[in-house]
Number of protein chains: 2
Amino acid sequence: MRNSSFNNVPESIVGRLASYHRCLKNAASNGQTVIKSSDISKLCGIKATVVRKDLTHFGEFGIKGKGYNITTLSSNIEEIMGLNTEKRVILIGAGNLGTALLKYPGFSGANFKFLAAFDIREEIIGTSINSVPILHIDKLGAFLKSNEVQIAILTVPSQEAETIASQLHNCSIKGILNFTSAILKSDDGKFYIRNIDLSKELEVISFCMKKCLKNKEEK
Amino acid sequence: MRNSSFNNVPESIVGRLASYHRCLKNAASNGQTVIKSSDISKLCGIKATVVRKDLTHFGEFGIKGKGYNITTLSSNIEEIMGLNTEKRVILIGAGNLGTALLKYPGFSGANFKFLAAFDIREEIIGTSINSVPILHIDKLGAFLKSNEVQIAILTVPSQEAETIASQLHNCSIKGILNFTSAILKSDDGKFYIRNIDLSKELEVISFCMKKCLKNKEEK
DNA sequence: AAGTGAAAGTGATAACTTTCACATACATTA
DNA sequence: TAATGTATGTGAAAGTTATCACTTTCACTT
């Protein structure tokens, strides 16, 4: 690989890498061994030239005239994205969205290990979802003391987000995936926070349907 | 407004407009009547100069030396985004994710009207979630014939996505919000499709935690 | 073993987005 | 009513991202 530290990688590329990765996994499970940038293009809805340009940002993984070896490319992307080492994850808020994420196929295949989910509703404490035990939120602090966790997923009601987030300091957590509409900020830069607002999507599509969006037609 | 058609609006601006809109709604519910770009900046985590630049793209909504009238700006954004007319929405796949979306606070306030949800599981047919009736997926075609629906939200298993999407042709639907990991494409350009892959987010955060992301620190 | 086709990689260019410094105009106060 | 402070709006420049035509290299064929 050209550059093993990968500083200054635009977020746009990272998002696409994740798409390529999924695409490669699918192709592999179909028994395919080689894939062309034009195939990835069709499957991911991203132009072939962009696919190639993205990949060359990290090295030369292809075979000219042939395509990319799926196994090789896949493991390279995994290394680039840090998916080759297991990430331990907890989920806070086992409501419908939280449950959906716990049941999501594909997480486990991508080296994410859900250690536990936390909730406040007594009736589900002690049960488990997709083999992930549900603990009471009061146990969160103790759990973080005795377990090394890298990522927390927040699927609590928005108004709880700040309070919960403040409990995640001074532990091993480095990343927060925030699905509440509260916008969390990492004041001290201690962890990386990714805010995902699902309700925003409906508004965006409302605008886009007016065909006012600059149409960047995907190849 | 400078330009009533708003062609060529970058998607990045649209996404931020939705954030501003939410922010304005919150401020209004706190009894605020005026807001400064620097306030919006803090609340949305977007630089104040970006906020102003985004808004001037559509017109001059502010009062110099004072800020923006919340009511005025809010209704302008609603007009820009097409939120001033009611959008009728159906949801296909009333699993955990679908249920989460049906229960999401904020949709109804933004002029989205959920007409019905569709599923295949007999045990929930006839019930309702958040007052939205759940119908059998077999009824989808007939429903679309007798009801004008603008948006479909897809929260079915990924492998069903294509099949379902093909049933959405030749009706009033213009936009599809696809939460499955299948990437749908609008071959004929008949409708606008927005693919949202939640599982991608975990992979992105995995990369970002390595601090390799070009850090565009929000103000 | 040379020729051919096919697809990756490259570097310059174009298009887009963000940033910045500054001009502008409103509201408030004296 | 004039002066002042404050926050918006603007246009140029910087920075970033995508595009495109072209070169390179590999595999396969004859």
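Treat the numbers as computed from the prediction; the structure is a model and nothing was measured. Chain letters run A, B, ... following the sequence lines, proteins first, then strands; residues in each count from 1.
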(request) Could you encode protein contacts along nucleotides 24-30 of chain C as a string, one character per nucleotide from 5' to 3', using B for base contact, S for sugar-phosphate-only contact and - for no contact, with a heavy-atom cut-off of under 4.0 Å? (result) BBBS---
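- Annotated stems with DNA chain C as a participant read C:1-30 with D:1-30, given as range with range, by first number; only runs of 3 or more Watson-Crick or G-U pairs under 3.5 Å qualify.
- With hydrogens and angles disregarded, no donor-acceptor distance shorter than 3.5 Å links the side chain of D54(B) to the backbone of R16(B).
- We find that CG of L17(B) is positioned 13 Å from P of dT17(C), with the value rounded to whole Å.
- In terms of modelled atom types and a separation under 3.5 Å, the side chain of N130(A) and the main chain of L102(A) share a donor-acceptor contact.
- Whole-Å rounding puts the F61(A) CZ to dG9(C) P distance at 9 Å.
- With dT19(D), dT17(D), dT8(D) as the candidates, the nucleotide lying closest to the side chain of K53(A) is dT19(D).
- Classification of K185(B) and E162(B) as a salt-bridged pair fails, no side-chain N sitting under 4.0 Å from a carboxylate O.
- Atom pair D39(A):CG and dA8(C):C1' shows a separation of 13 Å (rounding to whole Å applied).
- dA7(D) atom C1' lies 13 Å from atom CG of L55(B), rounded to whole Å.
- Taking atom NZ on K47(B) and atom C1' on dG15(D), their separation rounds to 12 Å, with Å as the unit.
- Rounded to whole angstrom, the span from the CZ atom of R16(A) across to the P atom of dT16(D) amounts to 16 Å.
- OP1 or OP2 of dT8(D) lies within a sub-4.0 Å distance of a side-chain N or O belonging to S37(B).
- If you measure from atom NZ of K36(A) to atom P of dG5(C), you get 16 Å, rounded to the nearest angstrom.
- Between the side chain of N147(B) and the main chain of F143(B), a donor-acceptor pair closer than 3.5 Å is present.
- Comparing R52(A) and I13(A) against DNA chain D, the residue whose closest nucleotide sits nearer the 5' end is I13(A).
- N111(A) contributes a side-chain N or O that, together with a main-chain N or O of L83(A), makes up a donor-acceptor pair within less than 3.5 Å.
- Taking atom CD1 of I46(B) as the reference point, atom P of dT17(C) lies 15 Å away to the nearest angstrom.
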(message) Please determine whether salt bridge (Lys or Arg N to Asp or Glu O under 4.0 Å) holds for the pair K25(B) and E78(B), giving the CA-CA distance in whole Å, both sets of side-chain angles, and the decisive distance to 0.1 Å.
(response) CA-CA 11 Å; K25(B) 288 283 180 193; E78(B) 281 161 21; 3.2 Å; yes
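- Candidate nucleotides dG9(D), dT19(D), dA8(C) were compared by shortest atom distance to the side chain of Y68(B), and dG9(D) ranks first.
- Comparing atom distances between the T56(B) side chain and each of dT19(C), dT17(D), dT10(D) picks out dT10(D) as nearest.
- Across T155(A) and G98(A), no two heavy atoms sit closer than the pair OG1-CA, 3.6 Å.
- Although no hydrogens or angles enter the test, the distance criterion places a donor-acceptor pair under 3.5 Å between the side chain of S158(A) and the main chain of S181(A).
- Minimum interatomic distance between N69(B) and T71(B) (heavy atoms only, all atoms of both residues): OD1-N, 3.0 Å.
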